[in-house]
Structures are given as C-alpha cells and as structure tokens.
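Structure first, then comments.
The basis for the numbers below is simple: all heavy atoms, side chains too, and nothing from hydrogens, waters or symmetry mates. Labels below follow one simple rule: chain letters A, B, ... track the order of the sequence lines, proteins then strands, and each chain is numbered from 1.
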Amino acid sequence: MSRYQAADIEAKWQKAWDEAQVFRAERSGDRPKYYVLEMFPYPSGRIHMGHVRNYTMGDVIARHKLATGHNVLHPMGWDAFGMPAENAAMASGGHPKDWTYSNIADMRGQMKPLGLSIDWSREFATCDPEYYGQQQALFLDFLEKGLVYRKEAVVNWDPVDMTVLANEQVIDGKGWRSGAEVERRELTQWFFKISDFSEDLLDSLDTLDSWPAKVKLMQANWIGKSRGLQFAFERTDGGEIEVYTTRPDTLMGASFVGISPDHPLAKELAEKNPDVAAFRAQCAKGGTTEEALEKAEKLGFDTGLKVRHPLDPNWELPVWIANFILMDYGTGAIFGCPAHDQRDLDFCRKYDLPVKVVYKPENAEVVSLNEVNGIAAAVDDIWKSSAYAVEEREDGPDIERVCVDYCAYVEKIRFSDETANSSSPAATKWLLDRRFDYVVDGSGLFRSMSAEEAFNLISDNIEELGVGQRVTNYRLRDWGLSRQRYWGCPIPVVHCDACGVVPERKENLPIRLPDDVSFDLPGNPLDRHPTWRNCECPKCGKPAQRETDTMDTFVDSSWYFARFTAPRSDTPTVLAEAEYWMNVDQYIGGIEHAILHLLYSRFFARAMHICGHLPEKCREPFDALFTQGMVTHAIYVTRDENDRPVYHFPEDIEVHESGARLGATGEEVDVIPSAKMSKSKNNVVDPTTIIAQYGADTARWFVLSDSPPERDVEWTAAGAEAAFKHLTRVHRLVCEIADSSDAGTPEADEALLREMHKTVHEVSGGVESFGFNSAIAKLYAFTNTLAKSQAGAAAKRQAATALVQLMAPMTPHLSEELWLRLGHEGLVATAPWPVADEAMLVEDTITLPVQVNGKRRGEISVPRDMDKAEVEKTALANDAVKRSLDGAQPKKVIVVPGRIVNVVV
RNA sequence: GCCCGCGUGGUGGAAUGGUAGACACAGGGGACUUAAAAUCCCCAGGCCGAAAGGCCGUGCCGGUUCGAGUCCGGCCGCGGGUACCA
C-alpha cells in the first residue's frame, strides 16, 4: 500500500487539471453561469495566511459550483499600484515596476501550488498599461458625463520633506521620515461625484439581500443621510452666516455660532487679524483624518463678531472659530447647543460659554443633588446621561419631550444649589443664564411637545421668516482621486495656458508612466521629470503640460471585477461578456473593505453603466458578499531614539512570563496582542513553509477547519500537523477500503449509509453557507464512523466515495487520487456532487431531554411521531424526572416536538 | 471621538430561543513495541462527593421567557473602519 505523498499527488493532479482545461471559463448556453471572486491581492511579495484563507474559501465555492453543474468563472489578478513599491524603491534603489512584477511572479509561484481552480488565462495586473489605459478611457468618459471635477481639498503636508503624506505616513501627528509636525494644506484635486449617488447608494442597500447586515449598516451610516435645517444667522456688522443643523429643536439652547477654521469667513478675518491667522495656523497642525480631528483638543477663537438669534433679534450670540467644525460637512458652520451635544458642551465649558437646557432630562427626578461633590457633579451626571440624547429615527427625532416640567426641574437644581457647599463656575453660569421665559409660540411658556413637534415648529418659524429651509444632507463626500505620487495610473489630462484643463485624446491612450525616474528625493518623480510632462495641447496643439498627479489605487480596484469578463479587450469592457458573466455571484473578501472599496465599486458600476460600459443590471455588481475575518498576529514594537516605532518579526522575539524581549539584544518589546497582519508591521506569517512541509491540501484543510470564516483568527502553527495526520489517515483508510472484499452485516451497512447521507446533507449545507469549519468537523466524525464501521466492502466503498467527493472542494488533490484509487472514471472535480436521500435522514426513534424548571434532569427515548400528550406522559413517568419532582405536581408541561420537554412546577 | 463587530474549557471552536462545550489541538492514562516513532483505545469545564448525584458555569450587571451563549437595556475589554495603507 502506498503512503500519502502530498508533493507527488499535488503536482500530478495540477497537471491533469491544466491539461483538461477544467477551470477555463468560456461563455456557454448549456449550464447556468457562476462568477465567484475573491478580492484580488496587493503584490507585497509573499502570500500570507490571510490570502490562503481567502482564496481557499473562494476555491471551495468555485469547485462546489462546478460539481453542481455550473459554468464557473473564477479569475485572479493583482492590485498592483500603490505606495509600498515606491517605498521599496526609496529604500533599496530599485524601480517600482521591477519590484512589483517580480513580486507578482513570486506570489503567482506561491499560489499555483495551492491548486486553486483559477482561470489563469484571464490574469492581469492593474499596473499593466493595457489595464490602466482602459481606466484612463473610463476617466475621460466620466469627465464627459460630468462625473469628475476639480476643487480644492486638504492634504497632509510635510513641511520638511515638502511633500504630501498619506494618512499612514503620519505617525502621532508627525511625518514618518522627517519627524516634522504635519500640517494641513489645500491643493486643487480631481473628484468623482459619488455624492450625486448618495440617495441611490443608500436606498439600493435594501436590495442586497445576500450581503451581511453589518456591512449594509456601516455603509448606510457612512452615507449618513440626515434631515435638517439650513438657515442664516444675521451678523450685527452686516452679512450673514449660513449654518446647517439636524437639531433645529435645540435652537433655543444655542450658546454660540461656530465656523470651521477653513470657512471663507475665517480666511477673510485672518487677512486682517494676525491673531486669527495664528489661530488658523494652530488648527492646521496635525493630520487630516477624521479620527485626528475628532480626538484633537477642542480649540476655539472668539472672533468678536456677533450674530442675532433668528427667532429673537435682541438675543446676540458670539461667533467662534472652532477646530472641530468640518468645512466638508454641511455649510462648515454650526450653532452650538451645549446642553444636548457633548462636543458643544466640552467647548462651552472650556471657554465658559452658557449652557441652556431645552429638554428635560428623563431621569431628572432621580438625580441625587446632595452628593458630596455638590451640584456640579449632579449636573455632570445629567449631562452625561443618555436622556439628553434625542434618538435619531428614520422619520426624524422623536420620543423625548420638550420641556414644560423643565421649569420645575431648574427650580430643583437652584434649591439644591443653595444647600451645596461648592458652586462650580459652570453650574452657576448655567443657573444664571437660563432663559426659560423665552417664548417660542407666544404662550409665555414652552409648550410640552415632542422633539418632532419642536423640530417642525422651529423649522416652520425659520421658513416663514425666510431665512432658511429644511434640507436633506449626506455625510458622504465626493471621492478625491488625485495622488501626488508616481506609482499609479496617470490622470489623462493636459494643462494648457490657452485652453485650461484639456482631456487627452482617447487615441493617445494609454498615457504611460515613464520608466526613467528617480526616488532619491521626496515627492512625486513625475513632477521633476525633465521631459515627460511636456506635451501638445490636444485642443490647440501648442506646448502644454501633463497632469502629474496619478489616481488613487481604489480606482484600480473599483472595476477590475468587470474587466475580468473581457480582460484582453481594447475597450474597458465588452457588453456581451458583461451581460453573460456579471454580476459577481459571490464576492469574498476582508471586512476591512466593508465601506470604501465596496462603496466605490458600487459607484463605479453605476458610472460605467451611465457611460455604456456595463448593462443596467450591473448597477449593483456583487449579488452576494461574504466578509471573512482577518488573520491576526501579535505585533512587537520598540521605539527608536526619536521615539518612532520599530516593528520586529515574530521569529526575532522571545516570549517570557511578563512580556517579550528581542532575542538578539534582550531588549524588552511592547506586545500588541492581536492585529491585522500587515507588511508594514512585520507581523506577517508565511504559509509556504507549511505547504512545503505538508502539502497544499493540508494547508487548505487546516485554514478552513481552524475557525469560522467570518471570524478573525490568531495564527498559530500548531494544528497544521494534526490536519496532515488526518489526511494521511483518510488516505490509508480509503486505500484499505478500495482493496477490501470483507462481508458485513446488513445492520452495519444500513447504519453506515444512513450516516453517509446525513454527512452529505450537512456538509453540502455547510459548504453552501460558508460553514466550512463545521462541515469539516462533520467530515472528521464521518471518517471516525467509517473507520469503526463493520459494514461490508461495497457499502464502505460507497461511503468512502462520498467522503472523497465531499472533501474534494477542500482537499482537491487528495480527493482526485483517492477517486482514482476507488476505481472511478474521470476527475472528481467535474463529477456530479452527491445528493442526500431525504428518507435516510430521519430517525424512527429520537431522544428528548426532559427539563424540570429549565434544568435538564433526564432524557426519554420516543418514536419520532409520538403525539404531545404521549410524550408528556412518558416524560412524567421517567425515573429521573420523578425523583427530581419529588412528588410535586407539575403546573405546566411544555412539549416542543422533536426538541425538548420542560416540566414547570 | 464616531460607526460596525467580537467576547464560550488550557487552546481553536460547536450549538434554527430548547441536553452548553460537537469536532479537533495541547494534556493525562493505557495497548502494541526491547525501545522509540507511528498507530489504536480510554479520560478530561470548575467545585463537592467513594459513587449515585448535586451546585456553579458562555466578559460584567440587569431584563424578557416555561427555557437565554443566542433576544433587549446598560457597562467593560479587544478588533476593524474613520475618506491618501491596501
């Protein structure tokens, strides 16, 4: 009997599949098509366990669909533009192109041994001029349809290196190479008009039935539809300030009007007032990320300007410049209502601005006002309490009641204030400044009304006054695609002194990246290239300058799925091919792409449809989405002399009880226990050693069995050994069965075949619903059953055949080998998937647990179809149950047929 | 900060609101062997108990339910995203 020789088997069958062209995808009318796609990799140089996990999952789906009679498209390509190639060029002097293509060759070489059912004839890289040239054509079409435009936007600016930094290159607010404090700076850049599609992108989420709910929720929140009021505050010195608010109901609690440091008014003031200029400069420090902006200390500057409250001309509010107000959202100006917004509250406390309550806190009565910390603490508690947040509902704010009782509440606070030992300035200020006699509706007191009523009352007043109107607003911003970098798709436009910005002619595409560039200086090499940017204006023919910005790499990955349907065509897509192959039936990728990549792709599919590159049905390009968890691993960090992080490889680390240290020097390292594997953090584990040691089938089996696919998994090497042992066991067992001629008992045959049908049923279900780890557990159990079975050779061969077929999507090479060994014709890869006999799935006798008051006390064995009354009788007659009841009379007996009996006493 | 997830034995994990811990890893014991490897068999959440059995137990606190790992509310911890990492 031959031993399990993974290396021989795998090479043999990969060759066989190749020769039979089993995975070559061609249009065909005789089978339903199925397009399965895994998010294509960035060619970092080495595949890691995350790739193996991702592609193996997709491969199981693809092979299962092939076996169930589908015409499967399962392509692979490379998301090949991006910063790491330039970083490598800077670090070691090579060329990004060489680095990238060499990495692609390496990774393809590491992926092929996995035996993936990929149609490699469709492979491409986004840095191929044949691909990015078509992308440039798309850009020009988008431009023509008004889907692209230019405007000013802020970037991270490194004032020492004089270059734009990616967010990732900003560490603790400092440039990663220079260590200089990063500034925000405005540049003119290209934008896709994704915001034109806000409503559609939001509404269409409802049609994506096979997407994870969490992804749809994240996208919906990202798009961030809000109903609000846009209106103007009149300045006492003339002019006005336009604000947007989702909370007009809190207008009577306004304490100030705030404008963004990037607001035109702030810029105007800065020209005359050096203090304002200095404040703006202070606000411009730090990175551009939302996180950095939100977490930054709240800074404000009192402009000295005043505005009139729109509902009370005698009520003046100060105008502040505040760093937490984003120019990109709404109008870049707000009114602050500190009582009902945490950020406004923080701000008002810091600058001693009044806090006016509009809503009565729901739990005002239960607040203890005699706490040792005095009234300030009580007020704090209330401010912090969730009662203050008015829940945003689909139909606008609701639930909470606008005050009436708040007068009584304020009295209560005041009463307590007299007895409190301390009176904090904030609390005193708040008490002194209440204006609860203000009239909204002329009645002399606030009416008791719901938040929605208040929302409408204020909005109506504002609209009647003619100073503003209700508007729908979206958080989603247009997609800035300009990058001041070399290794990306050149933006195909020309700047002409006479004609302005002119699109390149399509016949001049692709606009190729020049090869002769240097990375010895920071910044974009295209900018300082001696000749590349010189060209003729496509319109007037005079000398002109090429755009030197390249495209965001997200553009590359926003349409590659469509390109796979016609990867060699000299147009971006071919409608007939797209009509046949699209949409992607199953898309698989990391949860980290839940928002940006998937949203951008949805936008691109719409835009491509508008330009005639995709049929109508492709507006939502991914029918089903599965988001796999990430493979994580600890990160080991030390700090260099400038306090910048240095990441160490796992193999250089010694772990001890209280932490970890560097093996070479003994230096203690900080351990970040579990984080996404990332090349820049040096925590990537290489799967090739496992493949070399045990074979691809072991690696595939192990990554699928180890954890549920949607969950993150911490990589450990233990376990691969066990997977290999199991496959060896299956090999031995099936070979024994193939050679056996034993007779068995009819009972054993029956039992084995019942178990076989159950396994077929459960494994099929598991494969179809991404329950790979559970499916594999069933296969383990069935292997154990088969090994112990006393069934005859014929029944065992039948069971072994099913086992081999069920394992085939996961361990395709081993299965082919055993399929042949069992004497079957052709390839298991194309053999029809086994189908379970429903009649064999039901047992005649079932075991029911019996609970007494919800605790399991015994079990009974009853016929499957026994009626409820009989089951109840049997349960109550059970010895263990009687003992547990101890003579007590049951009040109620709940019988859940086929499930459980619960006796309540 | 904000949005979204996740949290179950020593470990990975299983469990349409219905017997918590399937299946495996590591561990312990045994068989085979001169020995080892390989293979096979058995044990195994915690506590009490000789056993029968009992009590506790799915991050924490509370709720809904005959019944909660699962649903609801509030916390804590960890992870992802946060628009120039891909």
Chi-based syn or anti call at B:rG67, which uses purine or pyrimidine torsion atoms and a 90° bound
anti
Say we look at [N] and [M]: how far apart would their [atom1] atoms be, to the nearest angstrom?
N      : M      : atom1 : value
B:rG17 : B:rU82 : C1'   : 36 Å
B:rA22 : B:rU33 : P     : 33 Å
B:rG45 : B:rA15 : C1'   : 16 Å
B:rG46 : B:rG21 : C1'   : 13 Å

With a 3.5 angstrom cut-off on both distances, give the Watson-Crick or G-U wobble partner of [N], or none if there isn't one.
N      : value
B:rG49 : none
B:rU82 : B:rG1
B:rA24 : B:rU11
B:rG57 : none
B:rG77 : B:rC6
B:rC40 : B:rG30

Value in whole Å for how far the [atom2] atom of [N] lies from [atom1] of [X]:
X      : N      : atom1 : atom2 : value
A:N853 : B:rC66 : CG    : P     : 12 Å
A:N221 : B:rA83 : CG    : C1'   : 15 Å
A:R729 : B:rC41 : CZ    : C1'   : 12 Å
A:E290 : B:rC3  : CD    : P     : 10 Å
A:K892 : B:rU65 : NZ    : P     : 10 Å
A:W157 : B:rC84 : CH2   : P     : 17 Å
A:F772 : B:rA22 : CZ    : C1'   : 19 Å
A:R899 : B:rU19 : CZ    : P     : 7 Å

Taking donor-acceptor contacts at under 3.5 Å, does the side chain of [X] reach the base of [N]?
X      : N      : value
A:Q484 : B:rC84 : yes
A:N902 : B:rC66 : yes
A:E710 : B:rC6  : no

If you count the non-hydrogen atoms of other residues, nucleotides and ligands that lie under 6.0 Å from NE2 in A:H761, is the total more than 12?
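It does not: A:H761 NE2 has 12 such atoms or fewer within range.
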If only side-chain N and O atoms count, and only distance matters, is there a donor-acceptor pair under 3.5 Å linking A:D549 with A:Q189?
no
Counting just side-chain N and O atoms, does [X] come under 4.0 Å of either OP1 or OP2 of [N]?
X      : N      : answer
A:N784 : B:rC23 : no
A:R711 : B:rG13 : yes
A:R483 : B:rC84 : yes

5′-ward residue of the pair A:N773/A:I900 relative to RNA chain B:
A:N773
Identify, between A:A166 and A:K788, the residue whose nearest nucleotide on RNA chain B lies closer to the 5' end.
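The residue closer to the strand's 5' end, by nearest nucleotide, is A:K788.
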Using atom types as modelled and distance alone, determine if a side-chain donor or acceptor of A:K216 lies under 3.5 Å from a backbone N or O of A:L208.
yes
Side-chain donor/acceptor of A:R864 to backbone N/O of A:E843, under 3.5 Å:
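Side chain of A:R864 to backbone of A:E843, a donor-acceptor pair under 3.5 Å: yes, one is there.
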Could you tell me whether A:R483 and A:D552 have a side-chain N and a carboxylate O separated by less than 4.0 Å?
yes
Parallel, tilted or perpendicular: rings of A:Y560 and A:F40 (30°, 60°)
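Judged by the thresholds at 30° and 60°, the geometry between A:F40 and A:Y560 is parallel.
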Please report the closest heavy-atom contact between A:L806 and A:M810, naming both atoms and the distance.
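Result for this residue pair: O-SD, 4.1 Å.
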Counting the atoms with a prime plus P, OP1 and OP2 as sugar-phosphate, which does A:Q219 contact under 4.0 Å by heavy atoms, base, sugar-phosphate, or nothing?
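It contacts nothing in the nucleic acid.
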